[in-house]
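Along the sequence shown, residues are numbered consecutively beginning with 1. In each ligand, atom 1 is the first atom listed, and ligand 1 is the first ligand listed.
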Amino acid sequence: MSETTRTAIVTGAARGIGAAVAKRFAADGMNVAVLDLDEAACQQVADEITAAGGKAIGVGCDVADEEAVATAVERVANELGAPTVLVNNAGIIRDNMLFKMTTDDWDSVLGVHLRGAFLMTRAAQKYMTEAKWGRVVNLSSTSALGNRGQANYSAAKAGMQGFTKTLAIELGKFGVTANAIAPGFIVTDMTAATAERVGMDFEAFQQAAAQQIPVQRVGRPEDIAAMAAFFASEDAGFVSGQVVYVAGGPKD
Ligand code: NAP
């Protein structure tokens, strides 16, 4: 294992899966930029990390905004060190059946997930290729395989898989790996919003979901953080271009 302290950027890290990934990375010894839309919310997570003995900053940034991304990534490099680990986790849902889906619902979801991941990765790869070491971890989803009411989200999450494999091919010679995590049902505000959309109590929604999952439970943000920690580790240097379904059972 190397003694180098790595700097990571985790997008959408003010809550949910992103916050769990940021905390896990800090516990594993990385400096962490907690990046999200609301800088005050980011700072809360950064403060928790600092209080636990880690090093973190909160960075307010819309990942779909080209200028904001360039500024944010440069700020991380100046304040924390060259960002050589990037987790593209920021995400939104705008679910609706295709015939009711607005163009704005489509553009917003593709904008945050795909344009956001593209802009963030393009900005950060400079530091990774210079360092001849890097780790990109992208959040896909089981919805990439198709999910009723999620034409926009499903397309974005399938797109994340193609993006990941292409990054792996292009950046491998610089010591940079790229992998994707495709979570199943994880308890966060996002799944709470889905329960609300289908008119179910969140507890009942979780219980119903757990019955369909081979390990008979729903996922927790920490389940995804554990996978991200492996992909970001020194040990994972020969694993690239992979999509791992972290869903309590197999998916195809
Ligand atoms: P979440 O609780 O809704 O958190 C998503 C975070 O992303 C929020 O803090 C949100 O900020 C932020 N965000 C949204 N748009 C952004 C933008 N343009 N720029 C920067 N940050 C932005 O969601 P989650 O459940 O943790 O999901 C995290 C990732 O995992 C997403 O990519 C999601 O698609 C994926 N995923 C989740 C599940 C699941 O079951 N939960 C399953 C499969 C995949 P605001 O709060 O300010 O909006």
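By the neighbour-count criterion of 12 heavy atoms within 6.0 Å, atom CD of Glu79 is densely surrounded, having more than that number from other residues, nucleotides or ligands.
A salt bridge does not link Arg24 with Glu222: every distance from a Lys NZ or Arg NE/NH1/NH2 to an Asp or Glu carboxylate oxygen is 4.0 Å or more.
Distance check: Arg122 CZ to Leu86 CG gives 13.5 Å after rounding to the nearest 0.5 Å.
Screening residues 111-146 for ring-ring contact (aromatic ring centres under 6.0 Å, His included) gives His113-Tyr153 as the qualifying pairs, with residues at least two apart or on separate chains.
A heavy-atom cutoff of 4.0 Å around ligand 1 is satisfied by the protein residues Gly12, Arg15, Gly16, Ile17, Asp36, Leu37, Cys61, Asp62, Val63, Asn89, Ala90, Gly91, Ile92, Val112, His113, Leu139, Ser140, Ser141, Tyr153, Lys157, Pro183, Gly184, Phe185, Ile186, Thr188, Asp189, Met190, Thr191.
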When the side chains of residues 164-171 are checked against the rest of the protein, which donor-acceptor pairs come out under 3.5 Å, sequence neighbours left out?
residue : atom : partner : partner atom : Å
Thr164  : OG1  : Asn138  : ND2          : 2.9
Thr164  : OG1  : Met160  : O            : 2.6
Thr166  : OG1  : Gly162  : O            : 3.0

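Every residue was checked against the salt bridge (charged side-chain N to carboxylate O under 4.0 Å, His left out) condition with Asp104, not counting sequence neighbours, and none meets it.
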